[in-house]
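By convention in this document, chain letters (A, B, ...) are assigned in the order of the sequence lines, proteins followed by strands, and residues within each chain are numbered from 1.
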Amino acid sequence: MESRYQPKVIEAKWQNQWETDHLFKVEERPDQEKYYLLEMFPYPSGKIHMGHVRNYTIGDVVARYKRMRGFNVLHPMGWDAFGMPAENAAIKNNTHPAKWTYENIAAMREQLKRMGFSYDWDREIATCKPEYYRWEQWLFLQMARNGMAYRKESYVNWCDPCQTVLANEQVEAGLCWRCGKPVRQKKLWQWFFKITDFAEDLLVHCDLLPGWPDKVTTMQRNWIGKSQGAEIRFPVEGKDNLSISVFTTRPDTLFGATFMCLAPEHPLVPALSAETEHAADVAAFVDRIALQDRSAKAVENYEKEGVFTGAYCINPVNGRRMPVYTANFALMEYGTGAVMSVPAHDQRDFDFAWKYDLPVVVVVTPPAEILDSATMEEAYTDDGILVNSGDFDGMKNREAMGAITDFLEKKGIGKKTVSFRLRDWGISRQRYWGAPIPMIHCPDCGVVPVPEADLPIVLPEDADLLDGGRSPLPVLEAFAKTRCPSCGREDARRETDTMDTFVESSWYFERYCSPHWDKGMFDPSAVDYWMPVDQYIGGVEHAILHLLYSRYFTRVLETLGLVKFKEPFTRLLTQGMVCKETITCPEHGLLFPDQVAYHETPVCSLCAQPVTVGRVEKMSKSKNNVIDPNVLLDQYGADTTRLFCLFAAPPERDLEWNDQGVDGCYRFLQRVWRLAEKWLPRITGWAPLTDSTGLGGPFKELYRKTHETIKRVTQDIDERFHFNTAISAVMELINVLSAIDDAAELKNPEKSAVGFSLETTTLLLSPIVPHFCDELWETMGHQQSILCSPWPTHTESATVRDEMEVVIQVNGKLRSRFSAPTDTDEETLKKTALSDERIIGFIADQPVRKVIVVKNKLVNIVV
RNA sequence: GCGAGAGUGGCGAAAUGGGUAGACGCACUGGACUUAGGAUCCAGCUCUGGCAACAGAAUGGGAGUUCGACUCUCCCCUCUCGCACCA
């Protein structure tokens with residue numbers, strides 16, 4: 001044992017040793033219970049950041065713990081390697097995205113290794129490799145064949161700076177999730193995955209994921225957004241062949257529908273306004289709205305507006321003539337793109353009717369009140385009784401919803417229906433750095449799938465990105481020009497769009513089961529053994545996108561008969577962000593942490609002026625509050641970094657970075673080191689104890705405390721992943737050991753009590769600070785890595801104290817306390833309490849009405 | 001607006017099948033050892049009053065249930081996150 005704790009030395013030593021011993025390599029062992037632990041794989045941006053460190057540390061503790069508990073643990077790591085940052089960096093540095101990506105992977109792999117994570121590196125994957133995306137292309141072909149992937153021309157979210165289409169999920173409040181610029185609508189032919197076919201199934205199964213945080217399943221439910229209602233057809237006046245279909249959740253208000261609003265992009269808008277005097281106005285309006293900023297902020301400020309198309313439709317239940325408008329608040333993406341407007345009972349319709357002087361007809365009234373459409377100041381949206389609704393008058397509106405829908409169904413003018421907010425997943429990207437979509441466009445045969453034998457369609461590496469990052473693929477003849485596999489025409493064109501990178505991350509966890517399998521996406525027997533993932537860990541920012549797509553993909557695989565399960569992740573832990581306070585200098589603005597000098601108050605090291613310590617915010621480059629893991633590794637080592645990440649907060653909560661807290665963790669390790677150094681030479685020959693016989697005083701307490709600590713740490717890690725309290729428990733044990741007087745010569749059982757506590761401390765800390773513990777373990781004379789040792793178990797009876805402190809309350813207020821042997825009977829406790837001097841004083845001459853006794857805890861005297 | 005979550009010392013946090021509020025750590029204060037200490041060790045550390053013993057108050061605010069509430073119920077306030085013209 002080194003005489004001083006030198007993290008650099010021992011961490012390098014043990015990382016080497018583990019690698020030499022192939023300690024983390026796993027394979028299927030049907031006789032052993034498996035545990036698949038997965039952390040969300042990183043995008044190879046170039047550097048590991050604190051969020052990664054925290055995420056992977058949490059995972060590593062669980063992986064190592066489960067392994068010590070006897071599980072066969074799969075703990076893989078890989079790279080989500082396609083995507084735009086690689087292209088952007090390539091343009092900026094005049095290099096190739098592949099080169100940039102692989103260099104980043106190499107750098108980040110080294111950083112992860114320095115952290116001592118227990119990955120089976122033989123299973124490493126990078127999604128940009130043909131051997132990986134080949135099987136994604138294969139799956140695409142299966143999906144296309146089975147109607148799960150299809151092509152359609154549609155309005156898409158288009159980002160001009162990025163020159164690409166974005167999925168709805170990639171549009172955040174109307175802005176591109178990558179560059180933050182506004183997104184506009186553009187019509188393009190796109191490939192889609194029919195995720196909506198699984199909307200109901202994905203929604204229902206949200207209730208069957210007990211291992212997921214409610215927050216995440218709730219977000220998914222909201223995102224899928226199921227609404228029950230009716231689809232109703234409104235004939236267009238004067239055009240027998242035309243009708244407008246609407247979706248409504250309020251069929252009960254049908255009699256109050258007085259006008260109709262179509263989305264500006266609605267296909268009927270040009271048809272209805274054609275040959276009317278309104279045609280020009282309508283066209284101008286549609287064009288204007290198409291260019292409007294759709295960001296939430298902008299939308300909030302938009303007034304409801306619209307223009308009359310010149311057409312009327314007929315309310316099928318009362319024959320009312322309803323003017324048809326096109327309006328900015330009607331959305332083509334939801335329902336049918338048409339809204340039956342009921343101004344009396346919908347606030348938007350009410351505002352619109354007010355503005356354009358359209359009739360308001362009340363059809364639902366509150367029970368005790370008569371609503372007058374002429375004096376209403378806002379829409380009435382609550383429940384009530386139907387009026388002005390023909391045969392349905394007097395019915396409760398809740399009942400009328402079903403009754404009116406039934407009536408419409410009988411008449412053949414409507415039907416009960418369900419609408420989802422979830423859209424089909426547009427996966428086409430007009431980008432270079434992605435997996436090519438394996439389709440061919442032939443002038444004669446149309447869209448033809450690439451024959452499976454021709455896979456993979458390899459992304460050509462000799463291509464350079466064009467201006468603005470545009471994809472070179474469409475103009476790269478060597479790639480784009482191809483032979484039609486169906487008719488043999490030589491001038492067919494390849495599909496030059498690539499797939500959304502979320503496609504790669506939707507099945508990588510299955511690939512890890514057999515990462516080198518070349519006969520399919522994965523070896524079915526390996527997937528049968530390992531999947532589903534027992535514990536998935538990652539940031540909550542993926543609560544919708546990645547997690548929903550992964551769930552969807554697993555259903556696709558199940559439908560195609562490739563896997564036997566529906567849900568990929570049994571348990572999910574969403575860890576909080578890593579945050580730090582921001583610091584602002586009046587002169588130099590936002591400061592980096594190393595630009596602050598601490599005298600009596602923190603000052604700017606550039607100008608010596610006092611600085612303002614701002615809010616604690618997520619670490620980000622723009623806030624100058626980033627801590628580089630490399631710096632920590634150099635200064636403290638991996639174990640201290642890991643320890644602090646786990647100790648500072650429970651995993652699901654945000655972690656506030658605190659440099660002094662890191663120091664404290666370092667000191668703790670040093671303290672344990674010194675204790676071991678002090679005691680180990682003095683307890684040679686210690687042997688495990690079966691009980692506390694022969695122990696007294698502090699040694700007896702040490703023995704008891706050790707058992708208690710095993711119990712607490714095991715519960716904290718196993719049941720709750722509360723590593724912070726697990727570490728606290730070990731600290732308490734260390735405090736007990738520290739307090740033992742080391743002057744006297746030890747007797748035999750005492751040596752054993754100390755040995756037991758030291759060995760237990762090492763075992764309990766080993767998943768958290770593995771290098772440190774392996775070094776101690778070796779010093780204690782063990783030959784094998786501590787990772788191969790079984791997790792310690794406690795003896796319940798050994799955790800019990802001989803004496804318990806019992807508190808005495810009077811009317812629920814703590815007044816005194818005494819010590820009594822554990823499990824003293826209630827009658828004795830009561831007597832002792834009532835004869836307590838201080839209690840007698842408190843009770844004085846008040847009559848005792850009741851005495852409540854809780855064994856080993858308290859006596860409460862009610863007077 | 002809708003949905004979800006959270007409010008506890010100077011700070012990060014413990015404690016919720018109701019039972020000693022503040023474990024553990026950081027910071028701070030005092031002391032010891034020291035040429036020195038920003039190392040280490042010991043002690044103190046919720047607030048108010050008091051030299052102290054002790055007393056009183058306190059888990060965002062207010063009610064309630066209970067012998068007893070951070071914990072359960074209701075109302076209110078604040079903050080964070082997610083969704084947001086969804087018909």
At 4.0 Å (heavy atoms only), tell me whether G337(A) reaches a base, stays on the sugar-phosphate, or touches nothing. base
Could you measure between the two C1' atoms, the one in U46(B) and the one in C42(B), and give it in whole Å? 23 Å
So what does V339(A) hit on the nucleic acid, given a heavy-atom distance under 4.0 Å: a base, only sugar-phosphate, or nothing? base
Can you tell me which stems RNA chain B forms when a stem means 3 or more consecutive Watson-Crick or G-U pairs under 3.5 Å? B:1-7 with B:77-83, B:10-12 with B:24-26, B:28-32 with B:40-44, B:46-49 with B:54-57, B:60-64 with B:72-76
I need the single residue from F644(A), F772(A), Y636(A) that forms a ring-ring contact (aromatic ring centres under 6.0 Å, His included) with Y666(A). Which is it? Y636(A)
Please state how far atom NZ in K813(A) lies from atom C1' in G56(B), giving the value in whole angstrom units. 8 Å
dist L262(A):CG -> L268(A):CG (nearest 0.5 Å) comes out at 6.5 Å
Checking one value: the base orientation of G64(B), syn if chi is within 90 degrees of 0, otherwise anti. anti
Reading nucleotides 37-55 of chain B 5' to 3', which nucleotides get B (base under 4.0 Å from a protein heavy atom), which S (sugar-phosphate only), which -? ---SS------------SS
Rounded to whole angstrom, note down the C1' distance from A27(B) over to G38(B). 14 Å
Of U20(B), G25(B), G19(B), the nucleotide closest to the side chain of M731(A) is G25(B)
Of the options C67(B), A57(B), A87(B), whose atoms approach the side-chain atoms of K850(A) most closely? C67(B)
Between C81(B) and C11(B) - C1' atom distance, rounded Å: 23 Å
Between T799(A) and R704(A), does any side-chain donor sit less than 3.5 Å from a side-chain acceptor? no
Span that lies between the C1' atom of C26(B) and that of C79(B), in whole angstrom: 24 Å
Enter the distance from I195(A):CD1 to R551(A):CZ here, rounded to the nearest 0.5 Å. 9.5 Å
To the nearest Å, give me how far apart CZ (R421(A)) and C1' (C83(B)) are. 6 Å
R250(A) side-chain N/O to C86(B) phosphate OP1/OP2 under 4.0 Å: no
Can you tell me the distance, in whole Å, between the CG atom of D351(A) and the C1' atom of G1(B)? 13 Å
Closest to side chain of T725(A), choosing from U20(B), C86(B), A15(B): A15(B)
By the salt bridge (charged side-chain N to carboxylate O under 4.0 Å, His left out) test, which pairs, at least two apart or in different chains, include something from residues 338-347 of chain A? D346(A)-R348(A)
C1'-based separation of G12(B) from G19(B) [nearest Å]: 27 Å
Looking only at side chains, do D836(A) and S816(A) share a donor and an acceptor under 3.5 Å apart? yes
Tell me: CG of L814(A) to P of G56(B), nearest whole Å? 11 Å
Indicate, yes or no, whether a donor-acceptor pair under 3.5 Å links the base of C85(B) to the side chain of K304(A). yes
E805(A) or N811(A): which one's nearest nucleotide on RNA chain B is closer to the 5' end? E805(A)
Over all strands shown, is F647(A) touching base, sugar-phosphate only, or nothing at heavy-atom distances under 4.0 angstrom? base
Same-atom distance (P) from G22(B) to G10(B), integer angstrom: 15 Å
Under-4.0 Å side-chain N/O to phosphate OP1/OP2 contact, N735(A) with G25(B): yes
Interatomic distance, E719(A) CD vs A15(B) P [rounded to whole Å]: 13 Å
Quick check for you: among U20(B), A87(B), C85(B), whose closest atom lies nearest to any side-chain atom of A330(A)? A87(B)
Measure the spacing between CG of L733(A) and OG of S728(A) and express it to the nearest 0.5 Å. 12.5 Å
For E333(A) and C83(B), what is the distance between atoms CD and C1' respectively, to the nearest whole Å? 15 Å
Within the 3.5 Å criterion, strictly below it, is a donor on N724(A) or R653(A) matched to an acceptor on the partner's side chain? no
Distance check needed: G82(B) C1' versus E652(A) CD, whole Å only. 18 Å
For Q809(A) and C67(B), give me the distance from atom CD to atom P, rounded to whole Å. 13 Å
Report yes if at least one side-chain N or O of N724(A) is closer than 4.0 Å to OP1 or OP2 of G12(B); otherwise report no. no
Could you grab the distance from atom CZ of F647(A) to atom CZ of F668(A), nearest 0.5 Å is fine? 8.5 Å
Span that lies between the C1' atom of U78(B) and that of C28(B), in whole angstrom: 29 Å
Closest of A87(B), U20(B), G19(B) to the T248(A) side chain is A87(B)
Determine the contact category for E656(A): base if any of its heavy atoms lies under 4.0 Å from a base atom, sugar-phosphate if only primed atoms, P, OP1 or OP2 are that close, otherwise nothing. sugar-phosphate
Taking only residues at least two apart or on different chains, which pairs with a member in residues 853-863 of chain A satisfy side chain to side chain donor-acceptor pair (under 3.5 Å)? D823(A)-N856(A)
Kindly give the atom pairs (protein nitrogen or oxygen, nucleotide nitrogen or oxygen) under 3.5 Å for nucleotides 3-9 of chain B.
none

Counting distance only, does the side-chain N/O of T640(A) pair as donor-acceptor with the main-chain N or O of G637(A) below 3.5 Å? no
Going by distance alone, is a donor N or O of one side chain under 3.5 Å from an acceptor N or O of the other, for S819(A) and E805(A)? no
Base, sugar-phosphate, or nothing for G664(A), non-hydrogen atoms under 4.0 angstrom? sugar-phosphate
Does G661(A) or A263(A) map to a spot on RNA chain B nearer the 5' end, using the closest nucleotide for each? G661(A)
Between U34(B) and A39(B), how far apart are the two C1' atoms, rounded to whole Å? 11 Å
Between R421(A) (side chain) and W223(A) (backbone), is there a donor-acceptor pair under 3.5 Å? yes
Once you measure the plane-to-plane angle for F721(A) and F723(A), does it fall in the parallel (<30°), tilted (30-60°) or perpendicular (>60°) bin? parallel
Determine the interplanar angle of the H345(A) and Y380(A) rings, folded into 0 to 90°, and report it as parallel if under 30°, tilted if 30 to 60°, perpendicular if over 60°. perpendicular
Do C645(A) and W657(A) come within less than 4.5 Å of each other through their side chains, counting heavy atoms only? yes
Using a cut-off of 4.0 Å on non-hydrogen atoms, how would the nucleic acid contact of A648(A) be classed: base, sugar-phosphate, or nothing? sugar-phosphate
Measure all distances between protein nitrogen or oxygen atoms and nitrogen or oxygen atoms of nucleotides 62-64 of chain B, and list the pairs falling under 3.5 Å.
none

Please say whether the positively charged group of R4(A), taken as NZ for Lys or CZ for Arg, lies over the ring of W673(A), i.e. under 6.0 angstrom from the six-membered ring centre and within 45 degrees of the axis. no
